[in-house]
Amino acid sequence: MKKIILTLALVATTIGFAQRLESKIPANAQAVISVNGENLLELISLTEFNNNALAKEIIKEVGRKNPDFNSLADFGFNLKSKAFYFYQPTDSISYHNFIIKLKDRNAFEKVLDSSTSSKIVKTGDVNSILEYDTSIKWNNNTLLFTVGDRSYSYFDKHKERFMKEAESEEEDLYILKRRIVGEWITNYTAKLFNYNGASVLANKSYLKSIDKNAAASAWVNSYGELMSGMMGGLGYLAGAGGLNMNYNNLGFGTMSGNLYFEKDAARLTYNMEVNDRWKKAIKKMYKSKIDQSFFNYFNENEIIGYTSIAMNTEAVLDEYPNLISDIYGGMLPDFKDEMEVSSELFSILLDEEAIGDLVTGNMLFILNDLGEKEVTYSTYEYDDDYNETKVEKTKMEMSPEFTFMIGSENETLLFKLIKLGVKHKALEQNSNYYKMNLPNKTPFDLYAVIKDEIVFITSSEKQIANIVSANPISVLGDHKKMIRKNAAVMYLDVKKLLAKIPAEELRKDEKKMVSFATDNLNNVYYKSGKMKGNNMVSEFVLETANNRENSLKVLLDFIDFMM
């Protein structure tokens, strides 16, 4: 039953909007997730949502005990009320909370099975259930669902003290832990349910992070504190309990994100706040733009996807030692001195300017095509007497056609390296480009050339021929603008990629998935922009078919398909 209530809480959290339940969320909450049901219900009706596979499964599960349940609306939740998840950690236990509005208390209570109902404790108009690490508490209009995650290291450190609290000799450590955790959760939820102290609404950063047009919003008060708590627990479980790891001084502040379901795209925006030290360093490292000459060899008609990075290598190498010292010196304060010395040695050994000339930091990787290539492999054949004979056979394998471009302002050194490659037969010189000598099992060939202060490496004879020609073909659209505007971009044309997959190599269910994706998905891309004040801003976009009503319905159809 606990799993059902948790699932229902999650569902309600995805389709609720109205009063400001944030007043119940303490100001020191470390993370908050909210979902704007008003916006979601404008995109999909409750009837349509009920027909989704996930909702059907929930209705079916609860309907086994109560045949009157035919809709999510029958569960008693106020589906037009905003709902929240928030996270509050302590040194001994971390609390995961869901808080939602109830519309029909009696309907909700019918969801509970007889074994769960028998555990209800009534205090005035408030009912509550405690099952070890889980608490459910509700009245006529509010439901609070809390799960406690105890700290293993805390209990181990205080084992002797806790054992003194045993109620009898028969109460071993396992039972004692369960009882103590239950008491903590009971006290915590009692205070939280009637909370009227300072709330997260007093936090300007939180208020700024929420966009009323978003389907969902997420906010983390301090990325460093969150990581310290998470990694501290993981370190202990991994046997590194004595390792002092502190992420609080890394220079990262609040983190937030918003999710949007638009007509023909699902969009996730992400924002990370950094201190002035990081702001200055990042601005130096990503102050450059990919050189215009790269686009002389960019043909958008012959790309499946690409990744671009525009940074200043000299600035990266100049800032890197100090940033590494800050990061690991902050994470491992016991080794701060060692980190500082290592960083200084790193700077001494490197010539940032020389390396920056050799590799400027402008990089563009393009996936041009996916084809097939015949490759040789070894196997064994057996005669009637089971004597084996090693034979070589050939088979067709998928072979990517890609082009990698790297900016360089030191062609003299590069040509010296190429000359050595030819001398030692790692490279084979053609009339105006080079072919790399790769093992026979490699499913592609590689060609290289240096031109226009760019090192080209490609697996396509067609692309190398275009690159070395006097008038290379270049077809540009919106891609140039997106690449030049952002520090990094990753792009994939989903339809083109799926069209290259041989149908005969797919199972029946895989064919259906490819068919669904081909009909409903277009392009997907991620872009990381330049610094805006003290904020690093990124965006992930999944473009969906424009003949569909909206991207949310495409996502729900995909869930249907998967289930």
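Values reported hereafter were calculated over all heavy atoms of this structure, with side chains retained and with hydrogens, waters and symmetry mates removed.
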Could you tell me whether [X] and [Y] have their ring centroids closer than 6.0 angstrom?
| X | Y | result |
| --- | --- | --- |
| F145 | W138 | no |
| F540 | Y270 | no |
| F108 | F75 | no |
| F365 | F402 | yes |

Between the main-chain N or O of [Y] and the side-chain N or O of [X], is there a donor-acceptor pair closer than 3.5 Å?
| X | Y | value |
| --- | --- | --- |
| D149 | P89 | no |
| T123 | V126 | no |
| E300 | G477 | yes |
| N535 | N271 | no |
| N368 | E302 | yes |
| S515 | K511 | no |
| N39 | A214 | yes |
| K500 | G371 | no |
| T186 | G182 | yes |

My understanding is that only residues two or more places apart in sequence, or in another chain, count here; which of them pass side chain to side chain contact (heavy atoms under 4.5 Å, CB included) with [X]?
| X | result |
| --- | --- |
| N50 | L46, I59, S71, L72 |
| K119 | I129, E131 |
| T254 | S205, W219, N221, E273 |

**Message:** Suppose we screen for salt bridge (Lys or Arg N to Asp or Glu O under 4.0 Å). Which residues come up paired with R507, at least two apart in sequence or across chains?
**Reply:** D509, E510
**Fill in**
Hits for salt bridge (Lys or Arg N to Asp or Glu O under 4.0 Å) against D74, two or more places apart or cross-chain, chain-then-number order -> none
Evaluate the side-chain proximity of [Y] to [X]: yes if any heavy-atom separation is below 4.5 Å, no if none is.
| X | Y | answer |
| --- | --- | --- |
| P26 | Q88 | yes |
| F86 | I33 | no |
| D125 | R105 | yes |
| V111 | F69 | yes |
| S199 | I25 | no |
| Y526 | V489 | no |

Give a yes-or-no answer on whether the side chains of [X] and [Y] include a donor-acceptor pair shorter than 3.5 Å.
| X | Y | value |
| --- | --- | --- |
| N486 | Y286 | no |
| Y174 | R178 | yes |
| T544 | N520 | no |
| E48 | S45 | yes |

**Prompt:** With the threshold set at 4.0 Å, does a side-chain nitrogen-carboxylate oxygen contact exist between R179 and E171?
**Reply:** yes
**Message:** Is there a side-chain contact (heavy atoms from CB on, under 4.5 Å) between F558 and L521? Walk through the geometry before answering.
**Reply:** CA-CA 11 Å; F558 179 73; L521 305 179; over 6 Å; no
**Asked** Which is it for K164 and E160 under the salt bridge (charged side-chain N to carboxylate O under 4.0 Å, His left out) test, yes or no, and what are the steps along the way?
**Response** CA-CA 7 Å; K164 293 178 182 179; E160 292 184 7; 6.0 Å; no
**Prompt:** After noting the C-alpha distance and the side-chain angles of D211 and Y260, does the key distance pass the side-chain hydrogen bond (donor to acceptor under 3.5 Å, both in side chains) rule?
**Reply:** CA-CA 10 Å; D211 185 343; Y260 306 85; 2.8 Å; yes
**Request:** Report the relative orientation of the aromatic rings in Y306 and Y491; use parallel for angles under 30°, tilted for 30 to 60°, perpendicular for over 60°.
**Result:** parallel
**Request:** Compute both the distance and the angle, then confirm whether R150 meets the cation-pi test with Y152: under 6.0 Å from the six-membered ring centre, within 45 degrees of the axis.
**Result:** yes
**Prompt:** What pairs meet the salt bridge (charged side-chain N to carboxylate O under 4.0 Å, His left out) rule with one or both residues in residues 254-265, with sequence neighbours excluded?
**Reply:** E262-R267
